[in-house]
K.L.:
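Sending over a structure as structure tokens; questions will come in a sec.
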Amino acid sequence: MMNKQVRQLLAQYGSLPAALEDLGNDADLYAAGLSSHGSVQLMLALEDTFDVEFPDNLLNRKTFASISAIEAAVNGLVGERDAA
Amino acid sequence: MDLTLNASGADLLERARRVAAIAEKHADHVDAEGRFPREAVDALVSERLLSIQVPAELGGEDTGLPQIAEICTVLGQACAAAAMVFAMHHIKLSSLVSHGIDSAWHRSFMRQVVVDQLLLASATTEGGIGGNLRNSICAVSVEGDDCRLEKDATVISYGHYADAILITSRAHAEAASTDQVMTVFTRDQYTLERTHVWDTLGMRGTCSDGYLFKGQAPKEQILPKPFAEIAAQSMLATSHLLWGAVWYGIAVNAVTRAQAFVRAAARKSPGAPPPGALHLAEASSLLQLVKSSVVAGLERNEAAKADPELLSSMGFAVAMNNVKIGVSQTILTIINHALQITGIMGYKNGTPFSLGRHLRDAHSAQLMISNDRILANTSNLLLVHKQDTSLLG
């Protein structure tokens, strides 16, 4: 579910030149063409969709390195939100 | 960070000042002719300042970025073009030191930089990419043990005079334009065919002509890290901070000249405040802002340098971008104050108060990586990065 949504948002906002279907969950998104502009747009979309806010310590390359990494970060934030 | 506080720092400063004395003598000729600052670079070589950043285990002096920045400022006061050559060389060297330290070829190359005092140049600009160095059109091709690269490099600063060029390209023929690597080619491994002539308003001595680059080298000369990482973790900060230190040096020299002018006027008519004194006070305040910005950037970089996550964080990128923007804009205002003070004597070439070269050199600061591009990048980051609200943090 989360994976599908993340992929959808990545396709919509990530401005990747490559087709998303060919990308594995652990594929390097930067090598696939994710730019700093694309990652910011994606992050805004994730914040809106999942009603979360990325804290400054997650605003780095690692968080957006792969689809799995994004999922893990968003899962963590959703968990924190629901616990609060 | 005062370099005179320890023996090795004081020694570095002495060496830098000897180079600056030579650079200063030739600065006007370098500027007028648009020629390479050969005397200054020869002096950098004989003072062995091209390899100070290399780790001691490889024969270098382990010199950190703050010390290198101080040397940039010393040189920037004498000859901005020579200072910029020194800065750009060390920006390239920082990529090797940060990202080539685990690679056998690059380690041995760094030893060679020490022994032969090699001058390193950069080829990141390419015809057709619109100035965004994080994109390449050309691709390196690996066949067997060798790699080949051909690049329409519209700018290679001092390319003709360099001993090696660090050049960016796509990682392979099918790679996305942002999937880049950087490769070291040594002088004997490439040819340069000049395509653009560097005849410019200022920074004329950097001789940043454009070339068609064709190179072939063993494939292990490709740096083992993606260029995206190199750019984020060593190039961004090192470039903005060392450039900032050079630009600060230009402004310092302009203010020094203006101050000499005001003092001479004050001596002629004791008791009456000399015209221009208020401008000097304003320039002094702005100069302090510029200095503080560069120093704060250097301190932040020192604090972050051991942590790749911090180095590639948005907050760090915003801070470094801000140093570049603030310094490059403010030095023009400072030099303009200095020009108001010195008047025609500053406007004319060949007087002790001449500021034409300073003003022209300083105008490059907003353009080498266009401020508009950097502001666009920062404004994008600020959509998510939260403003730092502390004073000391």
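All chains are named by letter (A, B, ...) in the order of the sequence lines, taking the proteins before the strands, and each is independently numbered beginning at 1.
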K.L.:
For chain A, which residues from residues 90-102 of chain B lie under 4.5 Å away (heavy-atom distances)?
P.N.:
none

K.L.:
Where is the tightest heavy-atom contact between A/H37 and B/N380, given as atom of each residue plus distance?
P.N.:
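Distance-wise, the nearest heavy atoms are CA-ND2, 2.9 Å.
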
K.L.:
Looking at B/S313 and A/N60, what are the two nearest heavy atoms and their distance?
P.N.:
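Taking B/S313 first and A/N60 second, the nearest heavy atoms are CA-CB, 4.0 Å.
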
K.L.:
Find the one option among B/A317, B/A176, B/A171 whose heavy-atom pairs under 4.5 Å with chain A are most numerous.
P.N.:
B/A176

K.L.:
Where on B/A232 is there a heavy atom nearer than 4.5 Å to chain A: the side chain, the backbone, both, or neither?
P.N.:
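The side chain, not the backbone.
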
K.L.:
How would you list, by chain and number, every residue that makes a side chain to side chain donor-acceptor pair (under 3.5 Å) with A/S15, sequence neighbours excluded?
P.N.:
none

K.L.:
Tell me if the NZ atom of B/K386 is crowded by more than 12 foreign heavy atoms within 6.0 Å.
P.N.:
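Yes, NZ of B/K386 has more than 12 neighbouring heavy atoms, counting only those of other groups under 6.0 Å.
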
K.L.:
Show the nearest heavy-atom pair for residues B/D179 and A/A31, with the distance to one decimal.
P.N.:
CB-O, 3.3 Å

K.L.:
Just wondering, are more than 12 heavy atoms of other shown residues or ligands nearer than 6.0 Å to CG in A/D82?
P.N.:
yes

K.L.:
Among residues 39-58 of chain A, which ones touch chain B with a heavy-atom distance under 4.5 Å?
P.N.:
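Expected list: A/V40, A/Q41, A/M43, A/L44, A/E53, A/F54, A/D56.
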
K.L.:
Using a 6.0 Å cut-off, check whether atom CZ of B/R373 has over 12 heavy atoms from anything other than its own residue.
P.N.:
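Buried by this count: over 12 neighbours within 6.0 Å.
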
K.L.:
Do any pairs count as a side-chain hydrogen bond (donor to acceptor under 3.5 Å, both in side chains) and have a residue in residues 130-139 of chain B, sequence neighbours left out, and if so which ones?
P.N.:
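side-chain hydrogen bond (donor to acceptor under 3.5 Å, both in side chains) check on residues 130-139 of chain B returns B/N135-B/S177, B/S136-B/Q180.
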
